[in-house]
Engineer: 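Before I ask anything, let me first share the structure, which is written out below as structure tokens.
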Amino acid sequence: MFIKFRNLEIKIDAPIFLGIFLILLGIFILETNYIDSFVTQLLWILLEGSSEGKTVLFLGLLGSLFILSSLIGQNENTLKIYKNDTYYLKYLKTAIIILFVSAVIGLLIEIHIRMQYDVSIFTILTSMDPNTSTTSLMHSHAYKSVLGFFSNSFVPSHVNTGSSILKYTLPYALIIIPAAISIYFLGLFGLSKLPIYHRILSIISLSMAIIGLFDGGMFSQPFIFGLGLLLLMYYARGRYGFKYFLKPVVIIGYILLIGIIFEVGGSNMDTHTLTVINQTEPIDMSQYDVINVEEKGDKIVYTLNTTTPDKQLIREVFQSFKGKSDATFMTWNFFSYIDNPNTHVPIRQH
């Protein structure tokens, strides 16, 4: 099927049909409640706990990349961006570098927030106003807060956009706007010259990496998988063979090692330290087994001797301090997640 637009003839091929279908599917999920649970379950492993918001964004990225990469291959004018047969690798390499640097900056933003409030970097920030949202080194929503600010006007109210984190990440998190645009288009130009199967895998990888950058950061599952596969595509250069796995595995291995060091080394296994910012009224803390309370200016620091798993404890803190404080910083205990049925994440997570 061909469509003529002025002097340009566009062939509506299989990738374009697939891209249109994925975009329409994303819009359908956003506007209705018929199949969102089914699709989010399918994407659960890829997106580290797929929610409706991440699912729609993933489908939109996939669809647009399928369409645009096909159009680039059809248009002789756009092909002029490739000065030679291997020039696409420069675009792909630059996209990977910006991805990695942006993730590192995201970690620095998380550290900067905690330095401002004089708390440990190994804490989970929970912003209470206007909606409860969390962020930490291990699962950062620093960039998601920027995306949430722009999407609040049209996404359903039940989708947690993370926009309440924005007041803590400004102005530094705004760097994600030019960074994400650059990653998208450089990645697009880099993958459009790859053989078809490598191109499909690269489109999925780039979409995962971008989503991971916004929702989770450096150590999130979609970012690590996406970045690793993009590195594989870069080193393989359209070729096949296990030897091309070596460098990507080493690079991702180092990132995972740093993540494990932060996750385990930053755990407080004896107690939880809960720092509350601007508490406005007394809270019944009997359920938390408080063993020490210390006031430091606009902060109240509670030391909790509790065995409640982290995920459950965070939910309880939500309920206790919502509307009664600006934010909290809580230490974590990685070991509370291991083999604990109360910490399993539900399929529908927003």
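All figures in this text were calculated on a predicted structure; none of them were measured in a lab.
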Engineer: Do I314 and I283 share a hydrophobic cluster (ILVMFWY, side-chain heavy atoms under 4.5 Å, transitive)?
Structural biologist: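 Yes, same cluster.
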Engineer: Tell me every residue that passes side chain to side chain donor-acceptor pair (under 3.5 Å) with S64, counting only those two or more places apart in sequence or in another chain.
Structural biologist: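 Once residues adjacent in sequence are excluded, the partners of S64 under the side chain to side chain donor-acceptor pair (under 3.5 Å) criterion are Y184.
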Engineer: Once side chain to side chain donor-acceptor pair (under 3.5 Å) is applied, do any residues pair with T126, and if so which ones, sequence neighbours excluded?
Structural biologist: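 Per chain and number, T126 pairs via side chain to side chain donor-acceptor pair (under 3.5 Å) with no residue.
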Engineer: Between H139 and H141, what is the ring plane arrangement, given parallel below 30°, perpendicular above 60°, and tilted in between?
Structural biologist: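 H139 and H141: perpendicular rings.
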Engineer: Are the side chain of T280 and the backbone N or O of K324 linked by a donor-acceptor pair below 3.5 Å?
Structural biologist: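 Here the side-chain-to-backbone pair exists.
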Engineer: Do any side-chain atoms of residues 292-300 form donor-acceptor pairs under 3.5 angstrom with protein atoms, and if so which ones, sequence neighbours left out?
Structural biologist:
from: K299; atom 1: NZ; to: Y117; atom 2: O; distance (Å): 2.7

Engineer: Name all residues meeting the ring-ring contact (aromatic ring centres under 6.0 Å, His included) criterion together with Y235; count only those two or more places apart in sequence or in a different chain, and write none if there are none.
Structural biologist: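 For Y235 there are no ring-ring contact (aromatic ring centres under 6.0 Å, His included) partners, ignoring immediate neighbours.
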Engineer: How about S70 and D13: does a side-chain donor come under 3.5 Å of a side-chain acceptor?
Structural biologist: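 Checked: S70/D13 side chains pair up, N/O donor to acceptor below 3.5 Å.
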Engineer: Side chains of T275 and Y302 only: does a donor on one sit below 3.5 Å from an acceptor on the other?
Structural biologist: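 There is no such pair (donor and acceptor under 3.5 Å, judged by atom type) between the side chains of T275 and Y302.
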Engineer: Tell me every residue that passes side chain to side chain donor-acceptor pair (under 3.5 Å) with D284, counting only those two or more places apart in sequence or in another chain.
Structural biologist: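 Here the qualifying residues are S286.
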Engineer: Keeping to residues at least two apart or across chains, list the ring-ring contact (aromatic ring centres under 6.0 Å, His included) pairs with something in residues 304-325.
Structural biologist: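 Residue pairs passing ring-ring contact (aromatic ring centres under 6.0 Å, His included), neighbours aside: none found.
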Engineer: Does K90 offer a backbone N or O that forms a donor-acceptor pair with the side chain of T94 under 3.5 Å?
Structural biologist: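 Pair found, side chain donor or acceptor close to backbone of K90.
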Engineer: side-chain hydrogen bond (donor to acceptor under 3.5 Å, both in side chains): which pairs involve residues 169-182, sequence neighbours left out?
Structural biologist: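 Every pair satisfying side-chain hydrogen bond (donor to acceptor under 3.5 Å, both in side chains) with a residue in residues 169-182: S145-T169.
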Engineer: Quick test of your reading: applying salt bridge (Lys or Arg N to Asp or Glu O under 4.0 Å), list the pairs with at least one residue in residues 103-119, sequence neighbours left out, ordered by first then second residue.
Structural biologist: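 Qualifying pairs: E110-R114.
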Engineer: Could you tell me which residues satisfy ring-ring contact (aromatic ring centres under 6.0 Å, His included) with F28, sequence neighbours excluded, listed by chain and number?
Structural biologist: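 None.
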Engineer: What pairs meet the salt bridge (Lys or Arg N to Asp or Glu O under 4.0 Å) rule with one or both residues in residues 264-282, with sequence neighbours excluded?
Structural biologist: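 Sorted result for residues 264-282: empty, none.
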Engineer: Sort out for me which residue in L68, I203, I183 forms a side chain to side chain contact (heavy atoms under 4.5 Å, CB included) with L188.
Structural biologist: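 In the set L68, I203, I183, the residue that makes a side chain to side chain contact (heavy atoms under 4.5 Å, CB included) with L188 is L68.
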Engineer: Taking only residues two or more places apart in sequence or in another chain, which ones pass side chain to side chain donor-acceptor pair (under 3.5 Å) with T308?
Structural biologist: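 Here the qualifying residues are T306.
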Engineer: Other than V250, what residues sit in its cluster of Ile, Leu, Val, Met, Phe, Trp and Tyr side chains whose heavy atoms are under 4.5 Å apart, directly or through others?
Structural biologist: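 Hydrophobic cluster check, V250: joined to L246, Y254.
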